[in-house]
Amino acid sequence: MSLAPVRGCVVLRPYGYGLWERLVAELDARFKATGHENAYFPLLIPESLLVREQQHVEGFAPEVAWVTQGGGEPLAERLAIRPTSEVTIMTMYAKWVQSYRDLPLLINQWANVVRWEKRTRPFLRTLEFLWQEGHTAHASATEAAEEVQRMLGVYADVAENVAAVPVYAGEKSESERFAGALHTFSIEALMPDGRALQAGTSHEFGQNFARAYGIEFSAEDQTLQHAWTTSWGMSWRMLGGMMMVHGDDRGLRIPPKLAPVEVVIVPIHKGESGEVRAAARELQQRLAGAGFRVRLDEREQSPGWKFNEWEMRGVPVRIELGARDLAAGAVTVVRRDRAFKEEGQKTTVPLEDTPLRLRALLDEIQRSLFAQAKAFLESHTIAARDRETFVRLLRERAGMIEIPWCELAACEAAVKEATSATTRNVRRPARGPTCVACGEPAKAQAYFAQSY
RNA sequence: CGGGAUGUAGCUCAGCUUGGUAGAGCGCUCGGUUUGGGUCCGAGAGGCCGCAGGUUCAAAUCCUGUCGUCCCGACCA
């Protein structure tokens, strides 16, 4: 990744984009498996269309970028660059949906969006970012609610089992809710500095958008009804979270399932050793044939230089192949999830067994990275029992601070005033009778934290 | 939007106080050497000192303005 010649934007170079492609592949397969199809909608939104859903517009107004000229002339109507595509997609759904037989409508879009944030951070908050947004319409509230939970589950699965980032899934508070939604659910991860990162969201709109954009259908009982809609999104921010969670002082550590390169082969030879070179190429062929994402590094730099380079890039496994290995009919296998010279970092594997051993090793690395992150999350999730401790932990940015909570907006605002922390999400029921923050009756169990 | 920094080689930066021939490390190119944890030696290429104005015999350096970027805060899916 590099900074771009535009404020608050980044360029993904091939290796970084490779990470995104892996995330896309994993998400897309799950979307398809749950019955969704991909489609594409325009980047620009006419202002008149945008303003239909009141809360939605008000929520996004401050961060919308506008196009006011085209072809060298002022436009009769400003065009918004989409900050999200609800309004365009709902407008189209209104045309497509007439009968309950047209439902559910299950569509996903892979797209870029622009949100004019006052303050940006590379990867975690950029003006333009890549994401996917799923938009569905249903014939009943129950069905829509199920969809929202199903996709929240997909996000939690991808975060934990692909990116190896443990998360808490739950519902957003009223103040953190998506503009225009009835309920917003999120997955929240914890970064090493004690701040929480929202890594995916799933929204239940009820009939709000359907009313604003006219999505009506004839129901089975012959009544005319508005559809129940949902939307859900995950962005490349997930990758930023993954890098922060797993990175160490030698650079990135990428979980195998997300790694553009799972295995790098570094040949080690003096001068022109045709034998080593040929053996390395043969190994690469074999591993590629067995389905591994493998790269052979034949550049001129010294082996030591390459070791450092690939470690910084986070490749899970490195295979060193030199004359010594060749003579022994073996390769040296080095795993990135272990520290330099730590027990087990380097092992010797018979050349013949390499594919088999590699598969097992990659699985083990995937598990080990998740386990390390999980242990961190658990040790930094603290149940506060009294207000004083609660406030102190939040100020110290100690992690996810868990309390029985009243769900009152005023209480949340007061906590924010005192600590700058907010609720991340909540689960029901509460595990205590009264709110630790303010003493009112508790309604839910909430995670509070400083957030990105 | 408020506060603070900063802009000099591809990158990271020194030089500015006290005006006078444009610097270092890394990277890049070439030759040699080396290759199991960022080899070493030598030779080279590369800069409108963010931009505009001013002061001066003379400006990277002093003054004014302007633009960009970064950090802290307020705001924020």
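Convention: sequence-line order gives letters A, B, ...; per-chain numbering from 1. In what follows, every heavy atom counts, from backbone to side chain, and hydrogens, waters and symmetry copies are set aside.
- Base contact: A:Glu311 has a heavy atom under 4.0 Å from a base atom.
- Ring pair A:Tyr213/A:Phe209 is parallel by interplanar angle, where below 30° counts as parallel and above 60° as perpendicular.
- A straight line from CD of A:Gln55 to C1' of B:rA77 spans 15 Å, rounded to a whole angstrom.
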- Task: Take A:Met312 and A:Leu252, measure what side chain to side chain contact (heavy atoms under 4.5 Å, CB included) needs, and give me the verdict at the end.
- Result: CA-CA 5 Å; A:Met312 199 173 67; A:Leu252 301 181; over 6 Å; no

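- Residues A:Glu133 and A:His135 bring a donor and an acceptor atom of their side chains to less than 3.5 Å of each other.
- Between the side chain of A:Arg250 and the base of B:rG38 there is no donor-acceptor pair of N/O atoms closer than 3.5 Å.
- Among A:His203, A:His183, A:Glu188, the one residue that satisfies the side chain to side chain donor-acceptor pair (under 3.5 Å) test with A:Lys172 is A:Glu188.
- At a threshold of 4.0 angstrom between heavy atoms, the contacts of A:Ala179 with the nucleic acid are absent.
- The gap from the P atom of B:rC26 to that of B:rG65 amounts to 41 Å, rounded to the nearest Å.
- A cation-pi arrangement, defined by a distance under 6.0 Å to the six-membered ring centre and an angle within 45 degrees of its axis, is absent between A:Arg237 and A:Trp20.
- Across B:rU66 and B:rG3, the matching P atoms stand 14 Å from one another, rounded to whole Å.
- Rounded to an integer number of Å, the gap from NZ of A:Lys341 to C1' of B:rG37 is 7 Å.
- Using C1' as the reference atom, B:rC62 and B:rG15 are 16 Å apart when rounded to the nearest Å.
- Taking atom CZ on A:Arg299 and atom P on B:rG38, their separation rounds to 16 Å, with Å as the unit.
- In this structure, A:Arg424 is not positioned above the aromatic face of A:Tyr447 in the sense of NZ or CZ being under 6.0 Å from the six-membered ring centre and within 45° of the axis.
- Atom CD of A:Glu343 sits in a sparse spot, with 12 or fewer heavy atoms from other residues, nucleotides or ligands closer than 6.0 Å.
- Protein atom CG of A:Leu127 is 14 Å distant from nucleotide atom C1' of B:rC75, rounded to whole Å.
- Here the separation of B:rC51 from B:rG68, taken at their C1' atoms, is 10 Å to the nearest Å.
- Residue-environment remark: CD (A:Gln345) exceeds the threshold of 12 foreign heavy atoms within 6.0 Å.
- With pairs defined as Watson-Crick or G-U wobble and both atom distances under 3.5 Å, the stems of at least three pairs that touch RNA chain B come out as B:1-7 with B:67-73, B:10-13 with B:23-26, B:28-32 with B:40-44, B:50-54 with B:62-66.
- To the nearest whole angstrom, the two P atoms, one in B:rC63 and one in B:rU17, are 9 Å apart.
- Here A:Glu282 does not pair with A:Arg286 in a salt bridge; the nearest charged N to carboxylate O distance is not below 4.0 Å.
- When the C1' atom of B:rC76 is taken as reference, atom CG of A:Leu124 falls 14 Å away, rounded to whole Å.
- Nucleic acid contact for A:Phe307: base, since at least one base atom lies under 4.0 Å from a heavy atom of the residue.
- Within 4.0 Å of A:Lys172, counting heavy atoms only, lies no atom of the nucleic acid at all.
- Separation of the P atoms belonging to B:rA9 and B:rA22 is 15 Å when rounded to the nearest angstrom.
- Among the candidates A:Lys443, A:Arg427, A:Arg428, the single residue satisfying the salt bridge (charged side-chain N to carboxylate O under 4.0 Å, His left out) test with A:Glu171 is A:Arg428.
- Of the two residues near RNA chain B, A:Ser420 and A:Met312, the one whose nearest nucleotide lies more 5' is A:Met312.
- Nucleotides B:rG44 and B:rG36, compared at atom P, are 30 Å apart to the nearest Å.
- Out of B:rC76, B:rA77, B:rG36, the shortest distance to the side chain of A:Glu320 is found at B:rG36.
- When the options A:Glu364, A:Glu342, A:Glu311 are evaluated for a salt bridge (charged side-chain N to carboxylate O under 4.0 Å, His left out) with A:Arg335, the one that passes is A:Glu364.
- Around the CD atom of A:Glu77, the shell of radius 6.0 Å holds more than 12 heavy atoms that belong to other residues, nucleotides or ligands.
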Close N/O contacts between protein and nucleotides 28-32 of chain B (under 3.5 Å):
none

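- The residue A:Phe340 sits close to a base: some heavy atom pair falls under 4.0 Å.
- Distance A:Glu174 CD to B:rA77 P: 13 Å, rounded to the nearest Å.
- Annotation: B:rG10 and B:rG46 have their C1' atoms spaced 9 Å apart (nearest Å).
- Across B:rA77, B:rC76, B:rG36, the shortest atom-to-atom separation from the side chain of A:Arg324 is found for B:rG36.
- Within 4.0 Å of A:Thr184, counting heavy atoms only, lies no atom of the nucleic acid at all.
- Contact of A:Lys118 with B:rG73 (side chain to base): no donor-acceptor pair of N or O atoms is detected under 3.5 Å.
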Identify all pairs in which a protein N or O lies below 3.5 Å from an N or O of nucleotides 39-44 of chain B, and state each distance.
unit_1: B:rU39; atom_1: OP1; unit_2: A:Ser302; atom_2: OG; d: 3.4
unit_1: B:rU39; atom_1: OP2; unit_2: A:Ser302; atom_2: OG; d: 2.4

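- Donor-acceptor pairing under 3.5 Å is recorded for the side chains of A:Arg82 and A:Asn112.
- Residue A:Thr84 is classed as having no contact, given no heavy-atom separation below 4.0 Å to the nucleic acid.
- Phosphate contact (OP1/OP2 of B:rA74, side-chain N/O of A:Arg119, threshold under 4.0 Å): absent.
- If you check every strand for non-hydrogen atoms under 4.0 Å, A:Glu117 touches a base.
- Side-chain proximity of A:Phe178 to the nucleotides B:rG36, B:rG38, B:rA77 is greatest for B:rA77.
- The nearest whole Å value for the distance from the NE2 atom in A:His183 to the P atom in B:rA77 is 18 Å.
- Relative to the ring axis of A:Trp66, A:Arg78 places its NZ or CZ within 45° and under 6.0 Å from the centre.
- Residue A:Gln345 is classed as a base contact, given a heavy-atom separation below 4.0 Å to a base.
- The side-chain tip of A:Arg250 does not point at the ring of A:Phe340 from less than 6.0 angstrom away and within 45° of straight on.
- We find that CD of A:Glu58 is positioned 13 Å from P of B:rC76, with the value rounded to whole Å.
- Using a 4.0 Å heavy-atom distance criterion, A:Arg121 is classed as making no nucleic acid contact.
- Closest contact between the side chain of A:Arg318 and the listed nucleotides B:rA77, B:rG36, B:rG37 involves B:rG37.
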